[in-house]
Amino acid sequence: MLFSSSGLTYTHPGQSQLSFPDISLSEGESMLVLGKSGSGKTTLLNLLAGLLIPQSGSVILGETDIMKLSGAQLDLFRGKNIGLVFQKPHLLAPLSVRENLQVAQYFAKEHSQEIDFILKELGMGHKANASVQGLSEGESQRVSIARALVNRPQVILADEPTSSLDDENAAKVVQLLEGQAKKIGAALIIVTHDQRVKDHIANFIEVRSS
Amino acid sequence: MNLFKLSWKYLTFRPLSTGLNVLLLALGLAIITVLLLIQDQFEKKMNQDAAGIDLVVGAKGSPLQLILSSVYHVDFPTGNIAMEEAQKISRSRLVKNIIPMALGDNYQGYRIVGTNHDYLDLYQVQFAEGEPWKMPFDVVLGAEMARQSQMKVGDTFEGSHGISEGSHDHEEHAFKVTGVLEPQGNVVDRLVLTSIESVWYTHDEADSTESESSHDLFHQPVAERGFPQTEQERELTTLLLQYRSPMAAIQLPRMINSGTGMQAASPSFEMSRLFELLGVGISLLQGLALILIGISGLGIFIALYNSLKERKYDLAILRSIGASRMQLVMLVFLEGLTLTFLGAVLGIVLGHGFLAGIISVNDQGVAASLNPWVFLQDELWILVFALGVGIVASLIPAWSAYQTSIAKQLTKS
């Protein structure tokens, strides 16, 4: 088993407790997290990424219990091993496409030469030196996927990655995520309520607010 | 990619705000730099020019004016004194050395100073070419004056009456250059030096009362030490005195001020009085500079704080791709410090530039002998001070960067 969680619970201030179904994924496997708005899908994703600390439960990636890491250790572990893709691309505006990926390498202390290769794979090779401000929504999302992939993470977590894209771009993004995750042997979890995504990936869990 | 490069990218991403803050800080620091430079060099220069002169004796009037005109050659002379009276003082046992001077003429704004060879010794001048004057109308040029007028040994020129440019010319007898001095870095650089006789004879001609006998005097050697020889009643402008003993400092000024029709003034006393008067203006400028620096510090704080508010997403993204809280704090401090470092460097350069500007438009005044490209150790303190401003301005933004919750920021959209 590459990536698993068990017994995760979390309470937002002033709300009732959320408890989440357990997850277990092996290399190259994909899974959707479905659920209505406000059911806590994104909270689960934040817990899995170590961005929020659960009240109980554990998240194990490879050999590491990420709940046992703290501070800078956790940040570095996340940078190296977890690739995050968000609803909005959130690229760093002052930097070029390539520099956005270089920043991810710098903070994860990785020095591979894969940036150009990955950009090419994602069809963004010709924009490597372009400012990210001139990119279309679809292009930006592809760059943000490239950023999530650049350190060859063990798990990729994507939060509604297609919700602001048109059909064509949405399909492309899902195919890219699935294809690249398989290629580098990473587990892939996509949080979504987008029907277009469900057509591609069969494996899913559902989050219900009790 | 590294933190420094990243912070630089963010700074250059908003060039106007960055530029304005750097400029504001630079202006404040430039004023402080100019003040530091002027204070340092002016006092040094003032003391250097007055070195070896214990007392100045001249016609009654403002003592400060007397010092400025006869030591620094910037103000108008107070008037003339009778040579007979001057010679009486020289016989006092309290006086070690006395240098008589006749002032009042100029060549293109450069003052012509009639004196004797003791004046050359007082400033320990070196000759670049030629030799001191021996005959009437022989002159020796200061280095700066020679450079500006492009004159050399053997050249001749006519002086003008008065100490400022454009007064009527003494056309009857030309001065002849016999020597040019090495640059001294003091007041002598801007003077034309000659014998007292030269100054006298120029004015005799102007009065057109010359006789055959006086014309013969033109071909007699002049006095190289002490007072010139003459049978007529002649006048001098000022006397530079050296005391024989400390006792003279007490007795001599009182003796001259009350016992003669002349006045005595001490360069060190008058200059410290002048600095006291200027002190008010200097404090005002210093206050202004501090206000500018304060405003720029506030500006940098606001710029960082606002840009961080816009950049909370960016910070959260940086955390999500592996940056630690401390790295974000460093990033904020780096931005603040880079801004202030640039401001400090620009400020110091501007300060020196301002001073160079002041000197170039004022090439015959006291400021002309200042050197704008001397760097002081105190300027390092300006740098330290500026970086301190940068740190203080970054404190709150850095704290807010430290506090940023990634999950909250990323799910807010």
Side-chain angles (χ1 to χ4, degrees), chain A residues 10 12 40-43 45-47 49-53 70-96 98-111 115 131 133 144 147-148 150-151 153 157 159-160 163-164 191, chain B residues 1-19 303-304 306-336 338-339 397-399 401-413:
Chain A
Y10 187 84
H12 285 288
K41 301 190 300 281
T42 297
T43 304
L45 200 84
N46 286 334
L47 291 171
L51 298 176
L52 285 177
I53 305 301
S70 60
Q73 267 183 317
L74 177 59
D75 291 321
L76 184 58
F77 183 84
R78 184 189 312 115
K80 275 179 180 300
N81 300 301
I82 303 177
L84 287 162
V85 179
F86 305 99
Q87 184 173 357
K88 291 264 170 63
H90 291 320
L91 299 176
L92 306 180
L95 306 182
S96 71
R98 178 181 282 117
E99 285 165 340
N100 263 279
L101 304 199
Q102 282 171 340
V103 166
Q105 287 202 326
Y106 167 72
F107 283 117
K109 301 194 166 80
E110 298 276 350
H111 301 287
I115 290 177
S131 156
Q133 286 179 299
S144 84
R147 181 174 61 191
V150 74
N151 295 323
L157 304 175
D159 186 8
E160 307 267 16
S163 65
S164 57
V191 169
Chain B
M1 186 59 62
N2 53 46
L3 280 182
F4 186 76
K5 206 172 154 197
L6 191 59
S7 69
W8 181 250
K9 290 274 178 187
Y10 273 103
L11 283 177
T12 49
F13 188 56
R14 36 194 163 86
L16 288 183
S17 146
T18 301
L304 285 176
N306 277 341
S307 85
L308 276 186
K309 259 202 268 176
E310 293 159 20
R311 275 162 57 193
K312 289 233 159 160
Y313 275 128
D314 289 23
L315 291 179
I317 287 290
L318 290 176
R319 289 288 306 284
S320 81
I321 59 176
S324 66
R325 287 174 189 274
M326 277 320 286
Q327 280 176 311
L328 297 193
V329 168
M330 294 277 294
L331 190 65
V332 175
F333 274 120
L334 266 178
E335 274 184 48
T338 308
L339 269 180
W399 176 244
Y402 187 86
Q403 291 287 313
T404 302
S405 154
I406 329 172
K408 250 187 230 156
Q409 280 308 324
L410 292 178
T411 52
K412 232 197 247 170
S413 71

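Numbers restart at 1 for each chain; the letters A, B, ... are given by sequence-line order, proteins then strands.
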Under 4.5 Å from a heavy atom of chain B, the part of A:Gln133 involved: side chain
Chain B contact via A:Ala93 - which portion, at a heavy-atom distance below 4.5 Å: both
Largest heavy-atom contact set with chain A, pairs under 4.5 Å, which of B:Thr12, B:Ile406, B:Ile317: B:Ile317
Contact check, side chains of A:Leu84 and B:Ile321, non-hydrogen atoms, under 4.5 Å: no
Listed once per pair and sorted, the salt bridge (Lys or Arg N to Asp or Glu O under 4.0 Å) pairs that draw on residues 9-19 of chain B, sequence neighbours left out: A:Glu99-B:Lys9, B:Arg14-B:Glu335
OG on B:Ser324 to CG on A:Leu76, rounded to 0.5 Å: 8.5 Å
Separation between CE of B:Met1 and CZ of A:Phe107, rounded to the nearest 0.5 Å: 9.0 Å
Any side-chain heavy-atom pair of A:Leu92 and B:Tyr313 under 4.5 Å: no
Residue list, side-chain contact (heavy atoms from CB on, under 4.5 Å) with A:Ser70, at least two apart or on another chain: A:Gln73
4.5 Å side-chain heavy-atom contact, A:Leu95 and B:Phe13: no
Of B:Asn2, B:Leu318, B:Leu6, the residue whose pairing with A:Tyr106 passes side chain to side chain contact (heavy atoms under 4.5 Å, CB included): B:Asn2
